[in-house]
Amino acid sequence: QVHLVESGGGSVQAGGSLRLSCAGSELIDSSTYCMAWFRQAPGKERVGVASIGSDGSTDYFYSVKGRFTISKDNAKNTVYLQMNSLKPEDTAIYYCAADACREGPHSLLDKYYYNYWGRGTQVTVSS
């Protein structure tokens, strides 16, 4: 069964750091899958924050560039999101997503690209 499990969320003050982890089941091979982190604040749409392709190429939402870093460990089937210089507006539930990488014009920050999702982990940043 395909599943993703996020961990590492919590509460921090503005300027602090957190590292999120997303562990994929055996059926998700991070060396051939595209993976991403999304976030959803109350009353708002779910938006892509960072993505990583099977070749390790990355993309970021404009507001987190320079502060967040996505990475992966293929041996562990795990994707990470290092979040530094956190701001109150980063407060949201963060979700991990994955799907087999495929050809064609697309953005890996598009939520409709992914069929597999974790349950999310809460990140709260206080001012």
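These numbers come from a predicted model, not from an experiment. Counting begins at 1 with the first residue of the sequence.
A continuous path of Ile, Leu, Val, Met, Phe, Trp and Tyr side chains, each step under 4.5 Å between heavy atoms, connects Val49 with Val12, placing both in one hydrophobic cluster. When the side chains of ILVMFWY residues are joined at heavy-atom separations under 4.5 Å, either directly or via intervening members, Tyr62 and Phe68 end up in a single hydrophobic cluster. Under a hydrophobic-cluster definition in which Ile, Leu, Val, Met, Phe, Trp and Tyr are linked whenever side-chain heavy atoms come within less than 4.5 Å, directly or via other members, Phe61 and Tyr94 are assigned to the same cluster. Both Leu20 and Tyr60 are part of a single hydrophobic cluster, where members link through side-chain heavy atoms under 4.5 Å apart.
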Query raised in the report: Should Cys96 and Trp37 be marked as a side-chain contact (heavy atoms from CB on, under 4.5 Å) after you check the CA-CA gap, both sets of side-chain angles, and the distance that decides it?
Result: CA-CA 5 Å; Cys96 179; Trp37 287 95; 4.1 Å; yes

Query raised in the report: Can you list the steps and then say if Ile28 with His3 is a side-chain contact (heavy atoms from CB on, under 4.5 Å)?
Result: CA-CA 8 Å; Ile28 292 181; His3 62 265; over 6 Å; no

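Among residues at least two apart or in separate chains, side-chain hydrogen bond (donor to acceptor under 3.5 Å, both in side chains) pairs with a member in residues 5-19 are Ser17-Asn84.
By the ring pair (Phe, Tyr, Trp, His ring centres under 6.0 Å) test, Tyr95 pairs with no residue at all, sequence neighbours left out.
The heavy-atom pair separating Met35 from Ile70 by the smallest distance is O-CD1, 4.3 Å. The heavy-atom pair separating Leu81 from Ala50 by the smallest distance is CD1-CB, 3.9 Å. Between Ser54 and Ser31 the shortest heavy-atom distance is CB-O, 3.3 Å. The minimum heavy-atom distance linking Ala14 with Ser127 is given by the pair CB-CA, 4.3 Å. Residues Ala92 and Ala41 come closest through the heavy atom pair CB-N, 3.8 Å.
At a threshold of 4.5 Å between non-hydrogen side-chain atoms, the residues Asp29 and Asn77 count as touching. Between Cys101 and Tyr113 the shortest side-chain heavy-atom distance falls below 4.5 Å. Contact check for Met83 versus Asp90: no side-chain heavy atoms found under the 4.5 Å cut-off. Within the 4.5 Å cutoff, side-chain heavy atoms of Thr91 are placed close to those of Gln122. Residues Thr69 and Tyr80 are not in side-chain contact: their nearest non-hydrogen atoms beyond the backbone lie 4.5 Å or more apart. Residues Lys111 and Trp117 meet the side-chain proximity criterion, which asks for heavy atoms closer than 4.5 Å.
Formation of a donor-acceptor pair under 3.5 Å by the Thr58 side chain with backbone atoms of Ile52 is not found in this model. Counting only distance, with no hydrogens or angles, the side chain of Lys72 and the backbone of Gly53 share a donor-acceptor pair below 3.5 Å.
The one candidate from Leu108, Asp99, Asp55 that meets the side-chain contact (heavy atoms from CB on, under 4.5 Å) condition with Cys34 is Leu108.
The aromatic rings of Tyr114 and Phe38 stand perpendicular to each other, their planes meeting at an angle above 60°, with 30° marking the opposite boundary.
Remark: Arg39 CZ to Arg46 CZ distance equals 13.5 Å, nearest 0.5 Å. Between the CG atom in Leu4 and the OG atom in Ser21 there is a gap of 12.5 Å [rounded to 0.5 Å].
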